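All remarks here apply to the structure that follows.
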Number of protein chains: 2
Amino acid sequence: MQNNILIVEDDMAIREMMAFSLRREGFDTFKAASGHEALEQLNQVHPDLIVVDWGLPDMSGIDLIDMIRRDDVIKEVPIIMLTARAEENDKVKGLERGADDYLTKPASMLELMARIRAHLRRSKGFELNHKLEFQGIVMDAGAHEVMIDGEALNLSLTEFKLLKLFLQNPNKLLAREHILNHIWGRNTFVEDRTVDVHILRLRKALKAHRKDKWIQTVRGVGYKLAS
Amino acid sequence: MQNNILIVEDDMAIREMMAFSLRREGFDTFKAASGHEALEQLNQVHPDLIVVDWGLPDMSGIDLIDMIRRDDVIKEVPIIMLTARAEENDKVKGLERGADDYLTKPASMLELMARIRAHLRRSKGFELNHKLEFQGIVMDAGAHEVMIDGEALNLSLTEFKLLKLFLQNPNKLLAREHILNHIWGRNTFVEDRTVDVHILRLRKALKAHRKDKWIQTVRGVGYKLAS
DNA sequence: GTAATTTGTGACAAAACTGTCACCAAGATG
DNA sequence: CATCTTGGTGACAGTTTTGTCACAAATTAC
C-alpha cells in the first residue's frame, strides 16, 4: 500500500527532482505545474499528502490551500508548503491559512522526507490507532467492536455505550446521574436503579474474562473504571 | 475552553519567556524543567500539545518522546521539538522518533505560535470533523449517532451498520455478497434475501425525511447510495 | 448491636430486534 | 405476449434487549 504524494511545483527541475527522491523512498507521486492542474488532479485522485509551492503561475499556493481546505472530500489532506519565501510573516501566513508545515528552499530532501513521514504518521495513525483501551479491554467505537485479550465481546447497545463511557473516563468517578444523562439523555426518564442493573449486566459480560473487577462501586455516588 | 501547552525546557529564562508568550496568546501552560518532571505532570494533566527541548538534565528529549509515544493515555499528543540542534540528521532523528514538528533555536515566537496552532488545528479538528455525510444524512459512528436535517434518527444496530457501510462508500455499488460479509461476517450464514429486508427497513426509517430514494437498487447485483 | 441506607441480584413482562417466508410487483428475456 | 427472474413487502415466530421490581446482601450510622 503506497502512499501517494501530490507535488505542486512550477519549476520543472525541482518538481522532477522531488518526484525522483520521493519515488526512491517508496512513495507514488502525482505532479502538477499549476494550481489549476492540481485541482484537476484532485478531482480524480486522493493523495495522502500534498507538497505545495507558494508561487504558482496561475494562483498563489495560499489560494490553492484555501480551496483544498474548503473541499468536503479532500479538506483533511496534510499539506506541506515548500517555498523560497523565508520571512517570518510568510511562515505565519502559510501556517495560518491551512498548511500543516512550512519548509523554506533550498530544503534538505532528507528533512522533507522526515517531515512527510511525520505528517503521514499522524494523519494515518490517528485513524488506525484510535481505540479506547484499559487493562486488556480494547474498544473501537467507530467499528462497534470490543475485544478482550484478542477475543470479540458481544454486548448489547446499552452495555456497549456504558463501557464506552467508562473507557473514555478511566480512573474517573462517574456519578449515577452523570451516567444516566449520558446514556439515556436528559429527556428520557428512567429509574436511578436502572444504572445499577446495567452495571450488573456489564460486569457479567466482562466476568468471563475476569475484567469485571475493574468496575468499582463508590457507595453513595456511582462507579468508576479503575485498576 | 483553553488549550493547555506543556513546556519541557531546562533553561529557566527560555521557559518563562515561552510560557509568557503562550499565555499572552490565550494558552494555559504547564512547565517542566526535566524529563521526569514532565512525566510526573503528565500523570496528572493531559496537555493539548507539548514543546520539548532536546537537551534535558536527566534524559534526552528524544527519550522523553519515546516514553510519551508508548503511553496508552497520552501517546497521541502533538509534540514540537524546539532545540538548538540544527543538523540535518538531528532533524530527521527527532521527526522519526515521534516529534510532529522540529524547530531550531533561536526560534521566532510568532512562528512557534503559528506552528502550535497548525498542530492543534489538526489534532482537534480531526476529531470534531470526522463524520460521514451524504445529502443531509450525518453519522458520527463513534458516538453512535445519526442526524438528518438536525434531527436524531433512531436505528437498530443492524440498520445502523448498514447505513454506515453505505456512507463509507458513497456512489459505489455494493454487491449483496459484499454487504452480507460486511454486516454479518463470513462465519454467519444468513439468507441472501435478508439483505433486501434490511434495505427495506432502512429505507422505511429514512422515508420520514425523504432520504430513502438515495438507496438505489441495481438489479441482479445489489444496492448503492447515490444521488 | 440495631436500624437505616445503599447496592447486588434474579425474575418478569413488554418492547424491540432479527431472520425467514410466501406472495406480489417489477423487470428482463425469448 | 408469456414466462422467468429478481426485488419489495407484510407477517410471523423466536430471540434479545430493556426497564422495573422485590428481596437479599453489604455498608454505614447511631
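Keep in mind that this is a model prediction, so the values were computed, not measured. Every chain is numbered from 1, with letters handed out A, B, ... down the list of sequences.
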- prompt: What is the distance, rounded to the nearest whole Å, between atom CG of Leu202(A) and atom P of dT18(D)?
  reply: 12 Å
- prompt: Are OP1 or OP2 of dT18(C) and a side-chain N or O of Ser156(B) less than 4.0 angstrom apart?
  reply: yes
message: How many whole angstroms separate atom CD1 of Ile183(B) from atom P of dG19(C)?
response: 10 Å
Any Thr217(B) side-chain N or O less than 4.0 Å from OP1/OP2 of dG8(D): yes
- line: By nearest-heavy-atom nucleotide on DNA chain D, the more 5' of Gly220(B) and Asp192(A) is Gly220(B)
Among dT18(C), dT7(C), dG7(D), the one nearest Arg176(A) by side-chain distance: dT7(C)
- prompt: Under 4.0 Å between a side-chain N or O of Arg193(B) and OP1 or OP2 of dG19(C)?
  reply: no
field: Parallel, tilted or perpendicular, as decided by the 30° and 60° cut-offs, for the rings of His144(B) and His144(A)
entry: tilted
task: Determine the interplanar angle of the His119(A) and His119(B) rings, folded into 0 to 90°, and report it as parallel if under 30°, tilted if 30 to 60°, perpendicular if over 60°.
output: parallel
query: What is the distance from atom CD1 of Ile148(A) to atom CG of Leu153(A), rounded to the nearest 0.5 Å?
result: 4.5 Å
message: Can you tell me which nucleotide in dT27(D), dT9(C), dG19(C) comes closest to the side chain of Thr158(B)?
response: dG19(C)
query: Just checking, is any N or O donor in the side chain of His36(B) or Asp58(B) under 3.5 Å from an acceptor N or O on the other one?
result: yes
query: Within this structure, what is the CG-to-C1' distance between Leu155(B) and dT18(C), rounded to whole angstrom?
result: 15 Å
statement: Gln216(B) atom CD is separated from dG7(D) atom P, nearest whole Å, by 15 Å
- prompt: What's the CZ-P distance between Arg203(B) and dT9(D), to the nearest Å?
  reply: 7 Å
task: Output the single nucleotide from dG19(C), dA28(C), dT20(D) whose closest atom is nearest the side chain of Arg219(B).
output: dA28(C)
- request: Check whether any side-chain nitrogen or oxygen of Trp184(A) sits under 4.0 Å from OP1 or OP2 of dT18(D), and answer yes or no.
  value: no
- request: Find the distance Asp196(B):CG to dA25(C):C1' and express it as a whole number of Å.
  value: 14 Å
message: Does the plane of the ring in Trp54(B) sit parallel, tilted or perpendicular to the ring in Tyr102(B)? Use 30° and 60° as the thresholds.
response: perpendicular
task: Please tell me which of the listed nucleotides, dG7(D), dG10(C), dT18(C), lies nearest to the side chain of Val197(A)?
output: dG10(C)
message: Check this one for me: any side-chain N or O of Tyr223(B) less than 4.0 Å away from OP1 or OP2 of dG8(D)?
response: yes
query: Quick one: is Lys204(A) getting a side-chain N or O under 4.0 Å of the dG10(C) phosphate, OP1 or OP2?
result: yes
Nucleotide nearest Leu200(B) when distance is taken to its side chain, options dC21(D), dT9(D), dG8(C): dT9(D)
d(CZ, Arg201(A); C1', dC12(C)) in whole Å: 11 Å
message: What is the distance, to the nearest angstrom, from the CD1 atom on Ile199(A) to the P atom on dG8(C)?
response: 8 Å
message: Please confirm whether the shortest side-chain N or O distance from His198(A) to OP1 or OP2 of dT18(D) is below 4.0 Å.
response: no
query: What is the distance from atom CD of Glu40(B) to atom CG of Leu42(B), rounded to the nearest 0.5 Å?
result: 10.0 Å
